Every structure is written in C-alpha cells, then in structure tokens.
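Please read through the structure below; I'll follow up with questions.
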Amino acid sequence: MAENSEIKSSDYAIECKEITKTFGTVVANDHVDLSVKYGEILALLGENGSGKTTLMNMLSGIYHPDSGSINVLGKHAVINSPADSIALGIGMIHQHFKLVEAFSALDNIIAGTPGKLKKRSALREDISAISEKLGLNVDLNKKIYNMSVSEKQTVEILKVLYRGAKILILDEPTAVLTPQETEKLFDMLRIMRSEGCAIIIITHKLNEVMAISDRVTILRKGQSVETVLTAETNEKKLTELMVGKPVSLSIERPEPIDPKPLLNVYHLSVDKPDGTVALEDVTFDIYSGEILGVAGVAGSGQKELCETIAGLNGIRSGAVLYNKENIIGKTAKEIIELGISMSFVPEDRLGMGLASSMGMTGNMMLKSYSKSKGPFIDKKPARELAERLIKELDIKTPSTEIPVRMLSGGNVQKVLLGREIESAPSLLITAYPVRGLDINSSYTIYGLLNEQKKKGVAVLFIGEDLDVLLELSDKIMVLCHGRVTGIVDAKTVTKEQLGLMMTGSTAEEVLGNG
Amino acid sequence: MDMFINFLVAAVLAGASLLYGTVGEIINQKSGHLNLGVEGMMAIGACAGFMAGYRFDSLVIAIIAAFLSGAAAALIYAVLTVTFMADQNVTGLTLTIFGCGLSNFIGEYNITRSETGNLKLPEHIMSQLRNIHIPVLSDIPVVGKLFFSYNIFIYLGAIIAIIVYIYLFKTKTGLNLRTIGENPAAADAVGIHVVRSKYINLLIGGGICGIGGAYCSMIVCGGVWMSDSVNGMGWISVALVIFAAWSPLKAIGGSLVFGAFSVLKYYMPKSVITLPNAFYDMLPFVITALILVITSVRKNKGRMQPASCGVNYFREER
C-alpha cells in the first residue's frame, strides 16, 4: 500500500485536524490528527483512556470538539448531532450496543430513518439485499433479547448500512466475540472495504490490528503519536508506540507448588432470578497454588458462579465443598471468614465490591467493620491499611478520604483487589480484574495474582482476553450457556480450540479432532 | 337483563375518566417518563374545563381549555425532568399535590365571588353534555343503549385511544418514540430528536389527562363545581397502564373493568349477597395491587414497562 503515502487530501473520506476535547480539567483529546480514505481499514490503537472513543464520539455527533476541524470528503463538516453525522454517511457501531432489547431486529434497523413507514415486506427486501451482499444471515423478526452478542452486532452493522453509511466506525467490536466470530466479522469488513467503504476499527488487540488493518493510528494519552502502514510495522513496535516505552509482553507462569484440592464443586446447578438456567451440572476442582482460568462468552454463567461460591446466590442442586466442608447455605460473612475472597469487576467497573462515593478508608472498613468492638467505628486500622495499599500497589490518589469513583479505573481495581488480597484468603475469586486497564496496570495485577499463587492461594480467574488466560492460567475451564464444555491444560490448548468450546463443542470433540 | 345493561352502561360512564388518564400516562411512559402527576394534571384539567365552560358556555372551548391546561401542567413536569433532569417520581408527586391544590383553590375562590354560593354550568353547555341521540342507531334495542347512548366525552375518549394506538404502534413517529422510551441513547445515536420528542409527547399525554379531568368535573359531578372531583382516578390510571400492558386499546377494556368495579355496589342484587359498601370501594385498589404482583412475577419481556422509563437521559454522560 505504498500509494497511501501520496494522496490528495480530498481523497480522504474523513480528515480530522487538531481535534481537542476536554471534560472539565481532563484533556481527552489533545490536537489529534486522523485520516481515512475510502476502501481502506484504519486501526485506531491505544490503551484505555487514551481518547479513542472520545474521538470517535465526536465523529458520530455524541460530543462536540472544543477546537479543531473535521473534513468529510475534503469539505469542512460541522457535526452537531448524530443526525448530522448520519447525513454525512458516517455510521458508528458502539462498544455497548445501542439497541432496544424489546424490539425485533427490523424495528431496530428502521427506527429513526426519515420518510414514511414502508410496508414490512418492502423493508425486509431492502435489508435482505444488504445482508446478502455481505453474506449475513439475520432473522429480522427475532427480538434482540433472544440474540447472541454476535447477532446483536450484526444488527448494529445492518442498522448503519441501511442508513447508507459509507464510513464505518467500530468501537472495540471484538471485545465480546469468540475467535471464530471475530474471523467472520473481519471477513465482512474485508468485503465492505472492497465495496469501497472507509472503515475505522478501534482496538487495543495488536494481533487484530495486524490481521485486518491497512494503516494504524496510535493514540497515547489523548495525543496522536504516529500513523504507520501496517505492512511496515510489527506488534512490538506498535506496543512501544502505544505505551511510550518498551515493554515485555510475556506473562510469568510459575509452577504450582504442592497443589492440593481446596474447593470441589459437584454437579452445581443454579437458576437466575427470572427462572432461566444460569449454571447446569457444573463440576470442577480448584487446587491450592494454582490459577484456574474461566473462559466463556459474556453471560455464560461466570457471574453466577462467583456469586454462588461467595454465598450470594441460592442453588437448585449440587454442592460446593471447601476443605471438604459444604459451604452451600452459609452466609456471605461466614464464607469470608473461612478464607474465600471475591473481587468481581462488572462492566461499569464500580457496580460491585466498592462503595463509589466513599473513600478508601470507608471501603476498607466494608470488610472489617464487624471486627471493631463497641458501638462506635474505629477508623484507624482501616486508614492504616489504606495507606499501606497506596504504598505497596502504587495507587494514585490524593488522599485516603477521596471518593473512589474519582480515581481512574486502574486505581479503583487495585483498591478492590488489594483489599481482597489483604484479608489473606486461601481462595481468591477474581472476575475481569484487568477490565479496561492499560497494559502497565494489567501487568501489575497479573503480578499480584502470581504472588498470591506462590503463597499457595488458589485463584479462580475469570477473564475476557483469551491470550491472557492462556498465558496466566494453569488450567482453563470453558463455560457455554452455564455448562462446562471442558477443563483443559492452558499450556497445550490453542485459542481456536477455546473458541470452539466457548460456542458449545466439548473438549473431547475439539481436542480429539486436533 | 335490564339491570345488567344498566350496570354495563354505568361501568362505561365510571371508567371514562380512567381511560383518558391511562392513555395519557401510556404516552408519557412510552417516552420514558414515569409521570406520577396524572392526578394533578387531571385536577388542573377539571378546573380549567369547568371554568371555561362556566364562563363561555361552550363545550368546545371547555375541552380545548382542559387539554391546554393539562398540557401546561405537563410542561412544568417536562421542563423539570427533561431539561433539568430532576427526579421523575418526586416531580410527579409534587405535580399532583400542586395540581389538586390549585384546582380546589380556584374553585373555592370562584364560589366566594358567585352570588348563589355555588357554581353551576349554564343551560346551553348542559344540553351539549347530555347523552347524544343518534337517529336509528340509538333506537335499536339493547345495542342502541349499550353503544349509542352516551355523552360526547365517551366517544371522544374511545377515538383518542384508537388514534393513540395507531400513532404508537403503526407510525414511524410512534416507533421513534418507543425507541426513546426503551433506550434513549440508541434513539439519539440514530438521529432521533430525543428532547424535542419527549417534550411533545409529554404535553400531548398531559393534555389527554386534562380532558379526563374535565369529564370528572363536568359530567360526573352533574354540572355543579365540587372540590376534589378527580378523586383518585389519576392514581388508578397509573396502575391501569400496567394492567393494559402499555396498549391504548387494552386500556379501553381495562377502564371498563375498573369502572365496573367502582359501580358494582349499586347493581349487586341485595337478594344474592350483602356486603358492606366499604368492601366494594376497596375492590379497585385490591385488584390494582393484585395486578402489580402478577405482572411483576410474570415478566414477559415483550410486554413490560419501557426499559428506560423513570431514567432521565443526558447525552454526554460518561
């Protein structure tokens, strides 16, 4: 793609110049430049918080830039609202889908389009014409709440294409997909590229950048540091540009020391509050000094598994033995006292485990309030603990009393995990501990988990990123629709095999076939 | 048989104000706003409708006044919740207290200024409020009495319910509105004007509630001004929205059922069963409570409250 370097500015579908956007005192975008032309896939690479989504939200009309200019096809464009953006042919597929759960796919696709309501059959034909071209297969009558994540994403893509979008922006589209679904999406994007669409894909996964993009623009701390041709770079160089310094990308995996079975889960079945199945006949063991990774598409029962072991859920049948003692029926507090500790980082990252408007001291006390004697609270030990965590984990906060929601995501997660580790558990359950963290913070957290492992703590690690699961875990358990499709050795299994198991194939089928 | 037909007719009459309140609140909830101010909007409509009728002796002006004043009351709510993003529940409750108080105050004030010591609608408008006699149709036995013997408000209510149904479920504007109520961020992302649409629909809903109020003060009270003429109908309407599963057509049936409960005590033959009046008065509220329990247990995703109902929307929220 050598011709890319010498094209006229009007060849660009979109050209952003010197875009600046601030939220209060935080500068999210600082004089950012970015351009993409038709028939090209541009990867926008950067760590969480580097301003990728903010920049794209300005193109889609959600935010308005403080300064700088946006040119569409060489002409100056003013984008004040999403309607303006759609009129310019820009379509954004947001990371958190903007779909109405209660509507059918068809209603979601046509909502908000101008003009009179056409006959359903005519609409269906229009949409089928688009989906056939891309080799998609969508049931337009299906309600969104009955759809898998990948189906929902397809509806989102059809939604913007139906509006005639020629410039597509995808915000972390692969975060929730299995490797096979990702490949399907990439095929679709390649077809759109050959049809002449301009595509911007936001991601922080380097292998995907290398696989799909023609050029890469790297953002770091709100600034566009560089734009390079994908063919002329590699993962290592991109990481350095993204982080700003050389980093080692390998995660340490110490051998488990003297593993003994600690927690045995037998035929555990759990229902969700609405009566549907959350977990079905789940059986596994966790050994001390071992990290058991859990892989699965979001919503496969991970949350319920954590909550059941932590004593927050009732069960339908089965048993959970901890040191050969059944802990089903015990209260959450009794289970904590046994030495089981859970840290769950939900999608919004503040929803569970921490009281967001309390300071670190208050949050430390959530686990220890019952230990102080007398009717009054004694803040001193909690404050000392908070101060120690700040030092040990390098948490950046002005004081122990600042509400934790004011801290950045990485620091909040360190507070949560730090508090759980501090109670010296023998079983640590941690779900999505690196969700939304930059590379450095992520590696700090992996380090913390490995430290626990070396102390003989059993770790149940529920993760999203298969690469990390493969490198950090000793064994990986795969969940699909609440069932265990396999428990495999993390050293030998491949990502593709995990992907197949995440969509329902059993370990025997996958590994048996090679 | 005659007794039963009379009972059904009475049920229609008793349920009419509920129908207006319910349809108005359905529009509000479909735009994502749980408006607990129905009672207040109806009270304001009751007062404005009655006073306009009293003053101008014209039914058309009375209905227009009721609609506009109900919409004006909804405007207060819309400004506070849409623009200033105040808590919807608190704002709605406050609107109810304000509306009822304002309505009674204006009524009492006008009574003290009148020479007779009461307010009575003039003769011309009273004649317009009487039951309509449609030639031929009204004379059919049974059917004529059941369907073609009502005052203008009944027919207007049914027509409004049908129009609102078509608007919500058969037009593109209605689809856009429902998208807003379910997921305003999704609506915004596809270019729907969320704020403008919310304002318009909150005002329309409020106006319809206002007409329901005018029905209470002008028909139910027989043309003489009485304080608190709405008398809790707005509250039952809020519950009826759930009973009707957010469908204006089902609201017609629902208001009929609740109307029947409220007049049951007059038509239950004493020879069959004798129960204290208080039991019958209690019935609509017991049924309401039961419906709330049943619907929350059943959980049908297609027929539930709009997902973003009660949540204010701010585009740049992070």
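Worth knowing before you read on, the calculation uses all heavy atoms, side chains too, and leaves out hydrogens, waters and symmetry mates. In what follows, every chain begins at residue 1, and chains take the letters A, B, ... in the order their sequences are listed. Quantities reported herein were computed from a predicted structural model and do not represent experimental measurements.
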Looking only at non-hydrogen atoms, find the nearest pair between A/P82 and B/G191 and report the distance.
-> CB-N, 4.1 Å

Partner chain B: residue of A/I86, A/V160, A/N57, A/N108 with the largest heavy-atom pair count (under 4.5 Å) = A/I86

Going from CD1 on A/I144 to CD on B/E182, what distance comes out if it is rounded to the nearest 0.5 angstrom?
-> 11.5 Å

Heavy-atom distance under 4.5 Å between the side chains of B/N183 and A/L99, does that happen here?
->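 Contact flag for B/N183/A/L99 side chains = no.
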
Is the closest side-chain heavy-atom distance between B/V190 and A/K98 below 4.5 Å?
-> no

In terms of heavy-atom pairs under 4.5 Å with chain A, the winner among B/I192, B/L175, B/T171 is B/L175

For B/A307, is it the side chain, the backbone, both, or neither that has a heavy atom closer than 4.5 Å to a heavy atom of chain A?
-> neither

Measure distances from A/S81 to the heavy atoms of chain B and classify the residue's part below 4.5 Å as side chain, backbone, both or neither.
->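 Both parts, backbone and side chain.
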
Should we count CZ of B/F147 as having more than 12 external heavy atoms under 6.0 Å?
->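 12 or below, so no.
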
What part of B/A187 gets closer than 4.5 Å to chain A, counting heavy atoms only: side chain, backbone, both or neither?
-> neither

List the steps and the verdict of side chain to side chain contact (heavy atoms under 4.5 Å, CB included) for B/K172 and A/T113.
-> CA-CA 8 Å; B/K172 210 160 213 175; A/T113 51; 3.1 Å; yes

Would you indicate whether A/K221, at its atom NZ, is surrounded by more than 12 heavy atoms from other residues, nucleotides or ligands within a distance under 6.0 Å?
->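 Counting other residues, nucleotides and ligands, NZ of A/K221 stays at 12 neighbours or fewer.
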
Interface check, chain B: of A/A111, A/G61, A/S85, most non-hydrogen pairs under 4.5 Å belong to A/A111

May I ask you to check whether over 12 heavy atoms, not counting those of B/L249, lie within 6.0 Å of atom CG?
-> yes

